[in-house]
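Data block below; observations after.
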Amino acid sequence: MIDGKKTMLSGMQATGMITLGNYLGALKNWVNLSDEEGINCFYGIMDLHSITVRQNPTEFRQNARRLLQLYIAAGLDPEKNCIFFQSHVPAHAELAWILNCYTYMGEMNRMTQFKDKAAKHADNINTGLFTYPVLMAADILLYQADLVPVGKDQMQHLEITRDIANRFNGVYGDVFTVPEGYVGKQGARIMSLADPMKKMSKSDENQNASIYLLDDKDTIMRKFKKAVTDSDGFIAYSDEKPGIRNLIDIYCACTSKTVEEALADFNGMNYGQLKECVGEAVVNELAPLQARYDELAKNKDYIDRIMKENAQKASYYANKTLRKVKKKVGFTEMPR
Ligand code: ATP
Ligand code: LTN
């Protein structure tokens with residue numbers, strides 16, 4: 001809670017170009033939620049998290065700025081919501097250190113994202129990757145967030161955040177709000193177009209596996225045409241047909257239709273026609289966002305102003321919590 005209002009916080013890592021999965025599973029839900037009156041919303045460009053995987057500095061800088069522009073282009077109003085860079089608010093790293101000392105190795109060892117990423121980056125299994133969820137807990141707890149909308153894959157990190165908050169509160173009294181996770185109904189888990197058993201991920205090396213938010217129409221249509229399905233040749237929404245189910249999920253998330261409505265639209269179609277229909281729904285969904293993005297990309301001064309003002313706003317709230325935590329833990333205050 002901040003000033004008696006419910007607080008929501010979420011964010012994405014500034015790594016690579018965000019995908020349709022990130023958009024439908026996270027960003028689009030944020031936009032809907034941020035339109036609700038009476039909620040304070042914070043959205044982070046989580047760049048400290050990004051360096052758990054090696055980044056090229058020039059590309060990293062570009063990606064982070066691009067992510068801010070995509071947040072705004074998708075419909076997050078930076079004057080009403082606080083959209084900030086994690087690295088602009090030092091309190092994140094500071095609280096993460098403190099919370100590290102209230103988190104157990106065994107807890108981190110259970111995290112599936114760590115296991116997945118460690119397997120993927122076997123040459124760089126750094127301790128940042130291991131304690132990644134603690135930094136995420138700091139992000140959330142600093143703003144006393146009540147609600148954290150994320151894709152399904154992040155729920156485990158949300159659970160650990162709640163455990164850390166409860167543990168800390170158990171020792172020192174009510175310091176942190178214990179947050180609730182929120183997974184949107186639609187687009188909770190969009191799968192790879194190349195392998196429908198794997199989630200669509202921005203770090204997938206196969207360019208055909210993911211739709212990127214700035215892909216043009218031809219690219220989108222081509223990728224859908226190539227999407228892996230099955231050889232049954234009939235359209236149905238079932239666990240046995242993960243490729244087709246994924247296409248239907250994408251269609252529903254883009255058109256706000258139910259599965260039944262979608263199946264009615266696809267009645268009598270073959271796979272080729274289905275793919276074309278889904279591709280068009282995605283093109284229509286992304287077109288306005290892409291047009292706004294192009295406008296924003298030209299307006300450097302505006303983006304710079306947003307960055308600066310929101311870093312100050314985020315710091316104000318984050319420092320308030322951090323001061324409280326330090327006092328509770330027993331750090332010696334610097335004499336004024
Ligand atoms: P990376 O490939 O770099 O690990 P990612 O594509 O998995 O990245 P994240 O930055 O980890 O994306 O996640 C950003 C947000 O998007 C999170 O809320 C996450 O739950 C959501 N998300 C990521 N992938 C998907 C997906 N395929 N379907 C639905 N939501 C997703
Ligand atoms: N780990 C998240 C990104 C993230 C986040 C957060 C999400 C970092 N800090 C705080 C919600 C709240 C991910 O999406 N991969």
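Counting starts at 1 for both ligands and their atoms, in listed order. Residue indices begin at 1 and follow the sequence shown.
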Under 4.0 Å from a heavy atom of [X]: give me the atoms of ligand 2 that qualify, with their elements.
| X | answer |
| --- | --- |
| Ile140 | 10 (C), 12 (C) |
| Asp139 | 6 (C), 8 (C), 9 (N), 10 (C) |
| Leu9 | 10 (C), 12 (C) |
| His49 | 8 (C), 9 (N) |
| Gln13 | 15 (N) |

Salt-bridge present ([X], [Y]; N to O < 4.0 Å):
| X | Y | value |
| --- | --- | --- |
| Glu285 | Lys28 | yes |
| Asp294 | Lys298 | no |
| Glu180 | Arg162 | yes |

Just to be sure I read this right, does ligand 2 sit under 4.0 Å from the backbone of Val150, its side chain, both, or neither, counting only heavy atoms? side chain

Proximity of Val148 to ligand 2 by residue part, where a heavy atom lies under 4.0 Å: side chain

Evaluate [X] for polar contact with ligand 2, using N/O atom pairs at a separation under 3.5 Å.
| X | result |
| --- | --- |
| Tyr132 | yes |
| Ser10 | no |
| Gln154 | yes |

State whether the number of non-hydrogen atoms from other residues, nucleotides or ligands found under 6.0 Å of Ile51 atom CD1 is greater than 12. no

Where does [X] meet ligand 1, judged by heavy-atom distances below 4.0 Å: at the side chain, the backbone, both, or neither?
| X | result |
| --- | --- |
| Ala26 | side chain |
| Lys117 | side chain |
| Arg189 | backbone |

Find out if a path of hydrophobic residues (ILVMFWY) with successive side-chain heavy-atom gaps under 4.5 Å connects Met191 to Leu247. no

Can Leu147 be reached from Ile83 by stepping across I, L, V, M, F, W or Y side chains whose heavy atoms are under 4.5 Å apart? yes

Walk me through whether Asn126 and Asn124 qualify under side chain to side chain donor-acceptor pair (under 3.5 Å). CA-CA 6 Å; Asn126 58 72; Asn124 181 20; 3.2 Å; yes

Looking only at non-hydrogen atoms, find the nearest pair between [X] and [Y] and report the distance.
| X | Y | answer |
| --- | --- | --- |
| Ala314 | Phe84 | CB-CG, 3.7 Å |
| Gln86 | Asp47 | OE1-N, 3.2 Å |
| Leu70 | Leu214 | CD2-CD2, 4.0 Å |

Nearest option to [atom], as decided by whichever heavy atom of [options] sits closest:
| atom | options | value |
| --- | --- | --- |
| atom 10 (O) of ligand 1 | Lys202, Met12, Lys120, Lys152 | Lys202 |
| atom 31 (C) of ligand 1 | Ala253, Ser210, Gly151, Gly21 | Gly21 |
| atom 26 (C) of ligand 1 | Asp116, Asn29, Thr19, Ile190 | Ile190 |
| atom 4 (C) of ligand 2 | Gly11, Pro133, Ala137, Ala14 | Gly11 |

Would His92 and Tyr143 count as a close aromatic pair, with their ring centres under 6.0 Å? yes

Sub-4.0 Å atoms of ligand 1 with respect to non-hydrogen atoms of [X]:
| X | value |
| --- | --- |
| Val150 | 18 (O) |
| Gly25 | 29 (C), 30 (N) |
| Lys199 | 5 (P), 7 (O), 23 (C), 24 (N), 27 (N) |

Which of these passes side-chain hydrogen bond (donor to acceptor under 3.5 Å, both in side chains) with Lys199: Asp153, Asp116, Asp204? Asp153

Assess Asp153 for proximity to ligand 1: is some non-hydrogen atom of it under 4.0 Å away? yes

Could a heavy atom of His49 be found less than 4.0 Å from some atom of ligand 1? no

Any N or O on Asn22 sitting closer than 3.5 Å to an N or O of ligand 1? yes

Residue among Arg110, Glu107, Met111 satisfying side-chain contact (heavy atoms from CB on, under 4.5 Å) with Pro133: Met111

Please check this pair: side chain of Tyr132 against backbone of His49, looking for a donor-acceptor N/O pair closer than 3.5 Å. no

